[in-house]
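The figures here come from the full heavy-atom set of this structure, side chains too, leaving out hydrogens, waters and symmetry mates. What you are looking at is a predicted structure, and each value in this text was computed from that prediction instead of being measured.
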Amino acid sequence: MDSVVDTVEQSKISIYDVFDIAELQSLQDMFAELHQIGSIITLPDGTPVTKPSNFCSLCKHIIRPSKKGAINCRKSDSALGRLNPYGPSLRRCINAGLWDASVSITFGDTHIGDWLIGQVRTETYSKQVVYKYAHQLDLDPELFYQAYLKVPTMPLVHFQRINKMLYKFVKNLCDNAYKNHQLKLERDYNQRQERYYRLLINHSTDGISILNTNGSIKFLSKSGNNILGYTTEELSDTKVFNIIHPNDLNKCYRILDNILQHPGKEEHFNIHIQHKNRSWVCIEGAVKNLLHIPEIKGIVASYHDATLQLQRERELKRAKQRVEQSEQRFRQLIENLPSGIAVYRPINKGQNFMIVDFNKAAEQISNIPKEKIIGQSFLQQFPNMKDKPLYNALKQVTQSGNKMHIPPFYYEDDTRKGWRENHVYQLPTKEVVAIFNDVSELKKAEEHLQQQNEQLQAAKTKAEESDRLKSAFLANMSHEIRTPMNGIIGFLELMQDPHLTIEERDDYLQTVIQSGERLLKTINDLIEFSKIEAGDIPVVLGEVRINQTLQSHLSFFSPEAQLKDIHLKLDIPEEETIITTDKNKLDSILTNLIKNALKFTTAGYIRIGYQRIDGALQFYVKDSGCGISQKQLSVIFERFRQIETSNPNQKEGSGLGLSICKWYVEKLGGKIWVESHPGLGSTFHFTIKG
C-alpha cells in the first residue's frame, strides 16, 4: 500500500485533525519564552489557532486592539503565512517595521497552518519614523513610541538562526505527524482487510482448507465444515487421505507430489470425500502450494460441493440425449414430410427474411438445394415474391404473432413456377415458419373440373334450350301445317258455291295456291333438315353460272318485292363467273336468304351481289329491314331459332332456314355470317370455294 490517504482525503485534513492544539500551545509557549520572541500559530488564511505567546506590549496592547492595526496584522500574518515548502519566510510587519518570520505547517502536500514568530527589532527607528507609523494607525504617537522602545532587540543574523531552527523543528514535527497518521491509517486498513477476508472466508460458499505437507488438516473454514460435516478440531489429527474415496487416492497422491515439488504450483481436482454422515460428497476445486508464504505456510485447497452439480450434469446429459433423440426424430419427420417447410428469421426490421432452414420437400418444390439457400435472404432467392401474398403474410405474422393461411397463388421466376399454398406461423424464437405445398396439379385438376362443369352447364343449358326450341318448333310446325291446310280446305269448300263470281273464284284459287306453296315449303324444310341430321345429303358438283343464277332469283322474287314496294337489285360484274359447286345447295342458300330479307323488310331495298376474294366467292344479301339485335345475332344460325318481332306475319316459317343455309355453306367449304343493327337492316355474307 503506497499511500492510504490520497490527495482528495488530504485536502479535507485540517490542523485540528493532525495535532493536539494544547500540545502545540505548550510547545509554542516554551519556544517563545526560550528565545524571547513573540509567537502564534494560525490557519493558512491568518485565523489564529493558538493563543499569542510572549507578544510585546506594542503589538498586544496598542496595535492589535486598534481597528486598522488588527486588519493590518491579519493581512501581514496571511501574507507571511503563504506556503513555502523550501524554508522559513522572513519580512517586516506593515504596522511598525518589526521583523516577523513564518514556517509552513504541512500534512503531506497540504498546507494546514503557519507557525509565526517575531516582534523583534534589529535597529532603532527615529522618533519621527515611529510617529509616522502611529499616525497611519490613528494611534497616540508618544504612547506608540514608548512601547516601541520596549520591543526586544537582537541581531538579524541571530533572528535568522532562530527561524531556521524553527523550520527544522516544525518540519520534523509535521513529518512525524504525517508518518504516525499514515501508520494509523494503514493499521486500521489492515485490520479492516483482515476482518473483510475473514468474513469473506467464513461466508464464502466455497470451502477452504489448509493442509500440512503430510496431508493433515490444520484449518477448515466454516463452509468447509458445512460441506464435509466436520469441524477443524474433529479433523486436527486426521489426514485428508483417510476420508478420500479409494478410487481417487492415487490421483490425490500425484497432485500432492506435483505441487510439493513446485512452490506456488496450482492443480485442479474433482474427487469424492466421505461426509461425517458416511455419505460420499463430490468436491471440485483447486489446491495450491503456499508453503513459501510465512503467514500461511501450508497447502491451501479451495473447493465446493459438486454433488448436486454432478447430478445435474448427469441429468442434463440424459436430457440432452433425449432432446437430441427427439430432435433427430423431429428432423427425420420434417425431412420426410411431403410438404415444404421453410424457417425464416426477420431482418431489416421485418422488411426481409433470412432463410435458416429448408427441408427436402422445400428443395424439390423450390428447385434449389438446401446448401445454396440457407443464409440467403428471402427476396434475393424469390425476387418476384414481393408482390405476392406470402411476403405480406410473413411481415404480418412477424408483427402480430397470429398464424395465417395463404390460399393458392401463382409464382414464377427464372428457375421455378407453379401454384403454392402456405400456412404461416411464428415460433417462440420469433422466427417464422412457412409450410407450403405445390398445388399446381391440383389447380390444373380444379381448372379442368371447372371447365368440365362449365361445359356440362353449357351443354345442359343448350339441351334445355334445344328442348324448349323443339317444343316451340313442334308447336310452330303444327301451326305451319294446319294454317295452310285449313286455308286450302276452307277455300276449296267456298269454291263449291255455284253463285261465286269469276273474280271471287280466282281470289279463292290464288289463296289455295299460296297456302299450298307455304305448306310445300314447310315440308321441304323438314325433309332437308331430316336429311342434314341424318347426314344423307351428298354434294353434287357441277358447273354453275353465277350471274345467270342470280338473274334467275331476281326474276323469281321481283313480283313479290314489287307487291311490298321493295327495290330488288343485283350487284354483279358484267363478265360471267363460272365455278364448280352444288347448284341446288347454292340455290337453297340464296332462296332462304332472299325470302328472309323479303319477310323482314316492309319497304326499302334488297341488294344481292358477290365478289371474288382470295380465291373464293363472297356473296351478300343486304336489306333495309328491321335489323337484328346483338343478343339474337349470336344464335341466329342455330336450328329452331326465329327472329323475335312484333309483326305476326314475320313469325311464319319453320325456323330451320338459316341453320340449313349454314350447313350447306360449310358443306361447300365456306362460312356464313351476318352484320346487323336494329332499325338499320341486315347484311348476310357467305363464301363458297370458287
Side-chain angles (χ1 to χ4, degrees), residues 525 528 539 543-562 564-638 641-643 645 650 653 655-690:
D525 284 348
E528 287 295 312
V539 175
E543 284 191 355
V544 179
R545 295 178 177 273
I546 301 301
N547 288 3
Q548 180 180 340
T549 299
L550 293 180
Q551 287 286 357
S552 173
H553 281 78
L554 178 67
S555 300
F556 182 79
F557 289 106
S558 288
E560 185 178 351
Q562 290 174 2
K564 298 182 68 174
D565 197 22
I566 295 173
H567 180 57
L568 189 62
K569 182 181 178 183
L570 288 179
D571 294 328
I572 57 176
E574 293 181 0
E575 185 178 350
E576 180 65 79
T577 300
I578 301 174
I579 64 172
T580 300
T581 188
D582 189 323
K583 186 176 186 310
N584 291 332
K585 290 179 176 55
L586 178 59
D587 286 338
S588 178
I589 295 167
L590 289 170
T591 298
N592 274 300
L593 293 180
I594 295 171
K595 276 193 171 186
N596 275 351
L598 288 169
K599 180 178 178 181
F600 293 100
T601 303
T602 56
Y605 65 88
I606 296 174
R607 302 173 69 89
I608 307 166
Y610 74 94
Q611 56 184 333
R612 186 176 290 278
I613 298 177
D614 297 331
L617 292 185
Q618 180 173 315
F619 294 85
Y620 63 88
V621 177
K622 183 176 183 180
D623 64 59
S624 60
C626 62
I628 307 168
S629 68
Q630 289 296 117
K631 179 181 178 181
Q632 291 176 314
L633 282 177
S634 61
V635 296
I636 193 72
F637 294 106
E638 294 180 5
R641 293 285 183 177
Q642 286 186 308
I643 300 299
T645 176
Q650 294 176 345
L656 297 173
L658 289 177
S659 62
I660 292 172
C661 289
K662 182 175 183 296
W663 194 89
Y664 283 168
V665 168
E666 292 174 353
K667 202 70 175 172
L668 296 177
K671 61 180 181 178
I672 186 169
W673 68 96
V674 61
E675 297 172 352
S676 181
H677 294 281
L680 299 178
S682 304
T683 302
F684 282 83
H685 303 269
F686 70 92
T687 61
I688 59 174
K689 290 181 180 180

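Gln611 contributes no side-chain N or O that, together with a main-chain N or O of Leu617, makes up a donor-acceptor pair within less than 3.5 Å. With Ser558 contributing its side chain and Leu554 its backbone, the two residues share a donor-acceptor pair below 3.5 Å. Lys564 places a side-chain N or O within 3.5 Å of a backbone atom of Thr601 that can act as its donor or acceptor partner. Asp623 places no side-chain N or O within donor-acceptor distance of the main-chain N or O of Gly681, the cut-off being under 3.5 Å. No side-chain donor-acceptor contact under 3.5 Å links Ser588 to the backbone of Asn584. Within the 3.5 Å criterion, the main-chain N or O of Tyr605 finds a donor-acceptor partner in the side chain of Ser624.
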Trp673 and Thr687: side chain to side chain contact (heavy atoms under 4.5 Å, CB included), yes or no, with the steps? CA-CA 9 Å; Trp673 68 96; Thr687 61; 4.0 Å; yes
Derivation and outcome, side chain to side chain contact (heavy atoms under 4.5 Å, CB included), residues Phe556 and Ile594: CA-CA 10 Å; Phe556 182 79; Ile594 295 171; over 6 Å; no
Just do the side chain to side chain contact (heavy atoms under 4.5 Å, CB included) check on Leu586 and Leu590 with the steps written out, would you? CA-CA 6 Å; Leu586 178 59; Leu590 289 170; 4.1 Å; yes
Side chain to side chain contact (heavy atoms under 4.5 Å, CB included), that's the test. Do Phe619 and Ile672 meet it? Break it down for me. CA-CA 9 Å; Phe619 294 85; Ile672 186 169; over 6 Å; no
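Salt-bridge annotation for Glu666 and Lys662: present, with a side-chain N of the basic residue lying under 4.0 Å from a carboxylate O of the acidic one.
In terms of heavy-atom proximity, Leu633 sits nearest to Ser676 at CD1-O, 3.9 Å. Shortest non-hydrogen contact noted between Glu575 and Asn547 is O-ND2, 3.2 Å. Taking each heavy atom of Leu598 and Ile606 in turn, the nearest pair found is CD2-CD1, 3.5 Å. Minimum heavy-atom separation, Ser629 to Pro678: CA-CG, 3.8 Å. Heavy atoms only, all atoms of each residue included: Asn592 and Gly657 are closest at OD1-CA, 3.6 Å.
Around the NZ atom of Lys671, the shell of radius 6.0 Å holds no more than 12 heavy atoms that belong to other residues, nucleotides or ligands. Annotation: Glu543, atom CD; neighbour count of heavy atoms from other residues, nucleotides and ligands within 6.0 Å does not exceed 12.
With contacts defined as side-chain heavy-atom distances shorter than 4.5 Å, the pair Arg612/Thr577 qualifies. Residues Lys689 and Thr581 form no side-chain contact, since every pair of their non-hydrogen atoms from C-beta on lies 4.5 Å or further apart. Side-chain contact between Leu668 and Ile589 is present, with at least one heavy-atom pair separated by less than 4.5 Å. The side-chain heavy atoms of Glu560 and Ile566, taken from C-beta on, include no pair separated by under 4.5 Å.
To the nearest 0.5 Å, the span separating CZ on Arg607 from CG on Leu568 amounts to 10.5 Å. To the nearest 0.5 Å, the span separating CG on Asn596 from CD1 on Ile628 amounts to 8.5 Å. To the nearest 0.5 Å, atom CG of residue Leu680 and atom CD of residue Glu675 are 12.5 Å apart. Here CD of Glu576 is found 7.5 Å from OG1 of Thr549. Values are rounded to the nearest 0.5 Å. Note: Ile608 CD1 to Gln551 CD = 10.0 Å, rounded to the nearest 0.5 Å. How far OG1 of Thr683 is from NE2 of His677: 9.5 Å, rounded to the nearest 0.5 Å.
For the ring-ring contact (aromatic ring centres under 6.0 Å, His included) test, no residue two or more places apart in sequence or in another chain qualifies with Phe557.
Classification of the Tyr620-His685 ring pair by plane angle, with boundaries at 30° and 60°, yields tilted.
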